[in-house]
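In this text, all values refer to a predicted model and were calculated from it rather than measured experimentally.
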Amino acid sequence: MALPPVILIALFVGLPVLLSIGFSFGMTGGLNSTAAAIGQNVYEADGLATVEAYAQLFADARFGRDLVATVLVTVVTTAATLVLAIGIAVLLRLRGGWAATALSGLGIVPLFIPVVIASWAILTFYSGDGFVRSVFAQFGVDGPVFGFTLTGVVIASVWVNLPFALLMATSGMQAVPDALIDAARDSGASRLAIVRDVLVPMAGIPLVIAATFTAIGVLGQFTVPYFTGPNAPQQLGVDISKYFQSFNQPQQAAAIAVVVFLIASGVAALYVWANFRSAKQEGRV
């Protein structure tokens with residue numbers, strides 16, 4: 001039953017990925033011959049492989065700047081998303097009430113709004129002539145401008161990734177037994193201690209999964225930085241498109257994709273560890 005979709009994925013996803021990785025290392029024959037013929041600055045391997053495309057990228061100061069910007073946006077967005085998700089989940093678990101319910105409902109709203117619409121709305125909201133600047137101007141104050149900045153990219157990225165992280169954090173903390181929380185309260189633990197020593201550790205695996213998916217999603221995102229980010233530095237997802245379409249350098253675009261894949265693989269190791277630990281706790285490993 002699973003064989004047909006596996007074959008389709010292998011042919012239409014797995015094979016192109018392998019061809020792209022090989023192309024980045026100078027394998028320009030076969031199905032890569034067309035891209036090699038029309039592309040500029042294509043390096044062909046004399047032997048098994050060549051790293052000339054990677055050397056060209058890392059010798060370019062712009063690529064290094066974009067790589068640092070991508071990692072920075074990923075780290076800041078993941079941290080901010082987790083803080084917001086944990087805060088709302090803690091309110092729901094320990095306090096409840098209409099305020100916590102309203103916050104959790106608002107946190108899920110971005111799940112139903114297309115990313116392109118959300119990106120454009122955030123850009124116009126924080127642009128030089130947007131809503132924020134207009135409100136500040138009524139009081140004779142220059143408001144902040146986050147449109148076409150990395151700060152704007154972080155704001156939009158948090159908006160897009162918050163729903164999934166919130167769902168994971170909420171489900172993880174709701175699964176914590178009331179007896180553990182009551183025992184901590186009876187022993188004199190403060191609310192901060194309960195969050196730090198009971199809720200967050202017990203919900204650690206869902207939080208790790210949320211952080212992993214958020215980080216991987218931000219690493220390779222295109223729409224958010226394309227609409228809300230500056231011309232320089234740019235995220236690597238935009239760089240891939242730029243090198244492929246604007247510069248006609250498909251080999252360098254494939255090399256950037258490999259770099260993103262390697263970084264994402266390091267992040268995905270946390271997801272594998274979290275699943276392994278969860279299975280071990282349940283006695284399946």
Side-chain angles (χ1 to χ4, degrees), residues 16-27 32 35 39-43 45 49-83 115 119 122-123 146-161 165 208 210-272:
V17 167
L18 293 177
L19 289 173
S20 181
I21 294 175
F23 185 49
S24 71
F25 286 101
M27 301 176 187
N32 288 328
Q40 296 183 0
N41 298 330
V42 175
Y43 300 96
T50 180
V51 293
E52 290 295 329
Y54 294 91
Q56 177 188 344
L57 283 176
F58 282 96
D60 190 347
R62 293 175 300 178
F63 174 75
R65 178 191 60 201
D66 293 347
L67 177 60
V68 171
T70 300
V71 174
L72 179 62
V73 168
T74 300
V75 172
V76 174
T77 298
T78 303
T81 302
L82 283 181
V83 168
V115 177
S119 300
I122 290 173
L123 173 62
F146 297 135
F148 302 112
T149 65
L150 290 181
T151 302
V153 175
V154 171
I155 293 173
S157 299
V158 171
W159 165 272
V160 170
N161 290 279
V208 169
T212 302
F213 276 77
T214 300
I216 292 177
V218 176
L219 272 174
Q221 66 182 351
F222 171 81
T223 304
V224 170
Y226 181 78
F227 275 100
T228 64
N231 290 327
Q234 294 178 325
Q235 281 196 250
L236 295 184
V238 180
D239 271 349
I240 293 174
S241 175
K242 180 176 65 178
Y243 272 84
F244 188 86
Q245 296 180 346
S246 302
F247 299 162
N248 190 26
Q249 296 182 5
Q251 191 176 43
Q252 285 71 20
I256 297 175
V258 172
V259 172
V260 174
F261 172 76
L262 291 176
I263 300 175
S265 297
V267 177
L270 291 174
Y271 175 74
V272 175

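Summarising the geometry of Ser157 relative to Thr77, their closest heavy-atom pair is CB-CG2, 3.5 Å, with the distance given to 0.1 Å. Summarising the geometry of Thr214 relative to Ala165, their closest heavy-atom pair is OG1-CB, 4.4 Å, with the distance given to 0.1 Å.
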With side chain to side chain contact (heavy atoms under 4.5 Å, CB included) as the test, would you mind laying out the steps for Val42 and Phe23 before giving the verdict?
CA-CA 9 Å; Val42 175; Phe23 185 49; 4.2 Å; yes

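Sorted by first and then second residue, the side chain to side chain donor-acceptor pair (under 3.5 Å) pairs with a member in residues 49-61 read Ser24-Tyr54, Tyr43-Gln56, Gln56-Gln252, Asp60-Arg62; sequence neighbours excluded.
Contacts of Asp239 classified as salt bridge (Lys or Arg N to Asp or Glu O under 4.0 Å), with partners at least two apart in sequence or in another chain: Lys242. Shown here are the ring-ring contact (aromatic ring centres under 6.0 Å, His included) partners of Tyr243, two or more places apart in sequence or in another chain: Phe247. Taking Phe63 as the reference, Phe58 meet the ring-ring contact (aromatic ring centres under 6.0 Å, His included) condition, with sequence neighbours excluded. When the side-chain contact (heavy atoms from CB on, under 4.5 Å) test is applied to Ala257, the partners found at least two apart in sequence or on another chain are Ile240.
A distance of 10.5 Å separates CE in Met27 from CG in Leu19, rounded to the nearest 0.5 Å. For the atom pair CG of Leu236 and CD of Gln221, the computed distance is 11.0 Å after rounding to the nearest 0.5 Å. In this structure, CZ in Arg65 is found 11.0 Å from OG1 in Thr70, a value given to the nearest 0.5 Å.
Between Thr223 and Phe227, the closest side-chain pair of non-hydrogen atoms falls below 4.5 Å. Residues Ile21 and Phe25 meet the side-chain proximity criterion, which asks for heavy atoms closer than 4.5 Å. Between Pro233 and Val68 the shortest side-chain heavy-atom distance does not fall below 4.5 Å.
A donor-acceptor pair under 3.5 Å is formed between the side chain of Asp66 and the backbone N or O of Gln234. Counting only distance, with no hydrogens or angles, the side chain of Ser20 and the backbone of Val17 share no donor-acceptor pair below 3.5 Å.
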Side-chain donor-acceptor contacts of residues 262-272 below 3.5 Å, not counting sequence neighbours, with atom names and distances?
unit_1 : atom_1 : unit_2 : atom_2 : d
Ser265 : OG     : Phe261 : O      : 2.8
Tyr271 : OH     : Asn275 : ND2    : 3.4

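Counting non-hydrogen atoms of neighbouring residues, nucleotides and ligands closer than 6.0 angstrom, the CZ atom of Phe222 exceeds 12 such neighbours.
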